[in-house]
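Following: one structure in structure tokens, then a few remarks.
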Amino acid sequence: MALFAVFQTTFLLVWLSSRTYQSEVLAGHLPLTPESLNISINSELQRLHLQWTVHNLPRHQELKMVFQIEISRMNTSNVIWVGNYSTTVKWDQVQRWSWESELPLECATHFVRIRSVVDDATFPGLSFWSSWSSWEKVHVLDPPGPNSLLIFPVDKLVEEGANITICYVSGVNKKNISCYFHNNLVPGEKLSPNASAFKLNNVPFTSATGTNFFCGVENGDLQNGTVLLVSKILEEPKDFSCETRDFQTLKCTWDPGVDTRLSWIKQLFQNYTLFESFSREKEHCEHNNSCNWPIHQHPQETYNFTLTAANSIRKRSVNIVFNLTHRGETSEGAHCGHECNFICTLCGEPDVETPRLGFCRFSPKEINTRGHVHPKAPDDVHFEYIRATEARMIWKVHNLGNLFTHLCHVQLEGEGKVIQHNVSIKVDGKESFRDLTPATEYVARMRCANADHFWKWSEWTVRNFTTVEAAPSVAPDVWRKVKSENGSCNVTLFWKPLSKFHANGKIRFYNVTTENLDKPFELQLYTIAASANRTELAFEQCSHQIRVTANNNVGASPASVMVVTRDSGNGVTFTVFSKMSVFITCEEPMNISRGHKESRPHLSGAQGSDKNEPQRLELSPHHRLPAPVLSAQVRLGLRKSRREEADEERIRGTADGFILSWKPQPRGITGYVVEWCQRRQLQLCDLQWETLGPNYTRTVISTDTFRPGVRYDFAIYGITTERIAYLLEKRTGYSQELAPSDNPQVQVTNLTSRSFNLSWENYSTESQPGFIQGYHVYLKAKAGQCHPGFEKAVLSDSLVYCKHNISDPEQKTFIVGNLQPESSFEFFVKSYTSAGEGPNGTFKKVRTTDEHSHMLVRIIVPMTLCVLIIVVMCCWKSQWVKEKCLPDIPDPYKSSILSLINSKENLHLTIMNVKDCIPDALEVTEVTRTQFPGTGKPLTESELTKPAYLYLLPTEKDYSGPGPCICFENLTYNQSASNSGPGRVPGPQDLPCRLGLSTSPDNLQKMIEINYTNSLGEIPAGETSLNYVSQLASLVSGDKDSLPTNPPEPAHCSEYKMQMAMPSCLASPPPRESSSLSSVTLSGQGEYYH
Amino acid sequence: MSQIRNQLLQLNGSADALFILYYTAQGEPFPNNLDKLCAPNVTDFPPFHANGTEKARLVELYRVAAYLGTALGNVTRDQKLLNPQALSLHSKLNSTADTLRGLLSNVLCRLCGKYHVARVDVTYGPDTSGKDVFQKKKLGCQLLGKYKQVVGVAAQAF
């Protein structure tokens, strides 16, 4: 024990003496000042690399030391950074450290100095700072030339969101230099008279081609710039996983995330490296989202992969640990501590290049405990059998050595449905499908996965197959149109194609079989192509049963049966729903049929009896009384159905369609059929129908083919147990009523001073896109007032009108009354439906007439007509009128003179009759120049110089009595007349008829009264060689000018000179009974003429 | 000669579009500072005198075409690197370089055939491979500005 104590004391003394010696030795070498400071520059990284040594260290001696580094900019007093760097220093070892400057080193001179202190607990006596080393100047760029402008850094690569400082160095005396980034002026910080710095914070990514930073002297040519390459931030790979499909290769995949590639070669797409820590193998991935890892012959079960993404700026990594087959235990976190350091050195964060100042971090992102076997898609798929409703599929999975049980997922898709099954297999799988639809294409899919440790499903393997056909399962939906005429029927059959579900294959044709009910077993078969959906049949006798089947390659469908009778068209059908008595009168013997069966008993007592004698008939339910029926009296429960008489009820479409309902039928109804068609197109329309069961009394007809503004007619039929259809009710309506498309064309009639009538009889209400409910008669309001019966209304033009509503659509006339005469009105008539009025149009003007105008019309028109008739009559009978009213030679017996004379009671006066005169020749010795009356044309000299002789010879006819008569030549007659020769007397056709009265009879009478006795004596003598005075001339005046105006009158007497020629129109034989009297009376008056 | 004339007219017709395509692809501040960044100040650019003899004009045109051919080659190379997405610009640069090569061949043929000039000393444009990105953009813009100017004069001269 004492020995041990001695040994211990000795050891302590030796150790203490040794430490004392070392301290003394170190103290002898002090100070431990850093020396040989050398600074190198990396301009691209803007880094200063420092190297120095520590002298005075004993050989093979290590010390923990702290070095303090001080960096100044521009001058030594401007210290911009001070920091410590701790390390273990060995003898004769060069120390290295670097520093990154935020400012490009080219723009400012930097100064660096360093000092040290021993930070070693074994040498506490040395814990004091050494003296500073001398300042080391870092000068990168010499002053540029006077016309230079240099900008730094050059082509700098930074990450999005980073802060960066840009600076320029210019030549001397260059001022007013401005810099722009993204066209925005950047404020700068003056570093020196010729250098400025510009700090850009949070720089954005704008383009893969970089962003220009531009500086220039204002109003000068000096300019320069640099391009800042801003990269997107490298992201950590996502969804990193590895799997094997064949135990040969592990395929690791991931989502690389954002592409940090720049258009410039300075940064390519980020690269990826895969490192497995257990095997310590490393793989540089060729693709940016996957990497293949070979599995060795004796595969390891657990893998620890680290995926590292790197670009020029940074690195990012993720890690997974998994058991490939999962036969071992979970190893979660087992390798973390062991592998951390290694992974840190491999996939460190951005400070990997400065590990001494950085931090090494590693935390596994995921330790995957699932298996990573990803089976291949099943193959060798085939069907053992495929039938109409079932099939069996067989397949195999990729053989992995029977080590695994596979879970296979089988899907069957068809007819819009998907059926799924899961099957557990080793290698071979099979699955049966049942309840399939015939002739239907199905898609079978299957995929498999590791059933023990599910990782991923394999890809789908898809196979299509089609089940075989079967006979159609239902009868086709058939409907008909029947036209009966003269006992024969034309039947148009319509049918709807069977749905794919019911057709069970492709329909090849339709069979239509007809059976004449009056001639049983007489069948006709028609085969109709599958593409047709209708056919027409003609029956001489209507009563037929029709059976329609759809046929495919396998067989025929059930038959659709219907019975057509003559009454199916426009005939008369009585359907009996309960037993009853019917009194019926027929025009001929009538059979009673019971449905389509042959039980057609004769109407009891009808045959051989008088056809109009009512018969009584007991009817059982569903007896049908076919036409011809003259009349029928139904006592009870007899329903009469006639197409023409079925009421047509109006319905209105809704958003869901047309809602139709009908009264339920008591019994014996197997169903209903609702048919519809566009109105007015019964012949051409696409007939649609819907078949309903017997319990339906309501349905909604909804189809996309209904169009607004189109009227559709619906008919509801009941189907009896005998398959006979009879019409129950009719409907008509619009799916959506629209306002009228046009307005009535209004005619104005019966226009009076107080009213007028508007009429639009030709307006068709049927062709409108809605039910016309009435009309609105608009009048333009005058002074804001409306007539009675009108109300104010405002139309779309915001003007006030007077409106009258006609609510009866059939009333197509309207009388606008109580109006003022000679007033203007403007009217317009619009029809309207429930959707609104018709379109706007132009108002028509109408003006009431004058109140008296009609009276004037009533007077003036008849008067005018009378005058016209008189004038026409006068022209037509002018000769007669003249003769009657104003004869040139008045009838002495009717003359007013005679009445005047008679009034003076001169009873001795007589009238000479011309027939008493026998004319002779008269020679005229002197001729007076005169004009031919009426023409104004004087006779020519030759005509005048030639003596004219007029032989006035009596004719046998004209001569009525004895006595000579003196005749003379009248030179006022034309030459032709005078030349006509003796014995020729110009007839009536030779002279124009002239009427020339110089005065009226009244004046004439007055003159006679005044001058009768002296007038003749006052005729001036000597003006003519021969003066003659006719009776008229002597009565009028002695004016010679009046002669031409008074045409010569026929002279019949011989006592006085008179002209013989006279117009025929004026010549009339004197009355015979007065002829003797006239000859006597005029004998005493001839002396007044010379 | 007509081929030379037509080629010059073709180059002149497309020079402006090429210039616009180029400075647009470089981004700001080029489009708004054409007078500063794209002024036709190209050192060592061969002179061209429109009023000289045909032979002299052809010789000068040959030098210009040779200079432009190489310089445009540099510009095309730089732009494919700096603006790989500017495909229309690349296409235009390539077609212009092709036409320049054809022009160079025709001018030499004319000189040789008519004037028996078999060799012309030429200068080439500066190599921009060592320049920074901004300088590449700027030099290219200046070159295309000069190209537009000189090809217009040459087209008028012939």
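Chain letters run A, B, ... following the sequence lines, proteins first and then strands; every chain starts at 1. Only a predicted model underlies this, so the values are computations on that prediction, with no experimental measurement involved.
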Determine whether the interatomic SG-SG distance for B/Cys141 and B/Cys38 falls below 2.5 angstrom. yes
Which bit of [X] is near chain A, if near means a heavy-atom gap under 4.5 Å: side chain, backbone, both or neither?
X: B/Asp35; value: neither
X: B/Lys36; value: both
X: B/Asn41; value: neither

Determine whether the aromatic ring centres of residues B/Tyr67 and B/Phe45 are separated by less than 6.0 angstrom. yes
Is the NZ or CZ atom of B/Arg57 both under 6.0 Å from the centre of the six-membered ring of B/Phe158 and within 45° of that ring's axis? yes
Can you confirm whether the side chains of B/Arg77 and B/Ser129 place a donor and an acceptor under 3.5 Å from each other? no
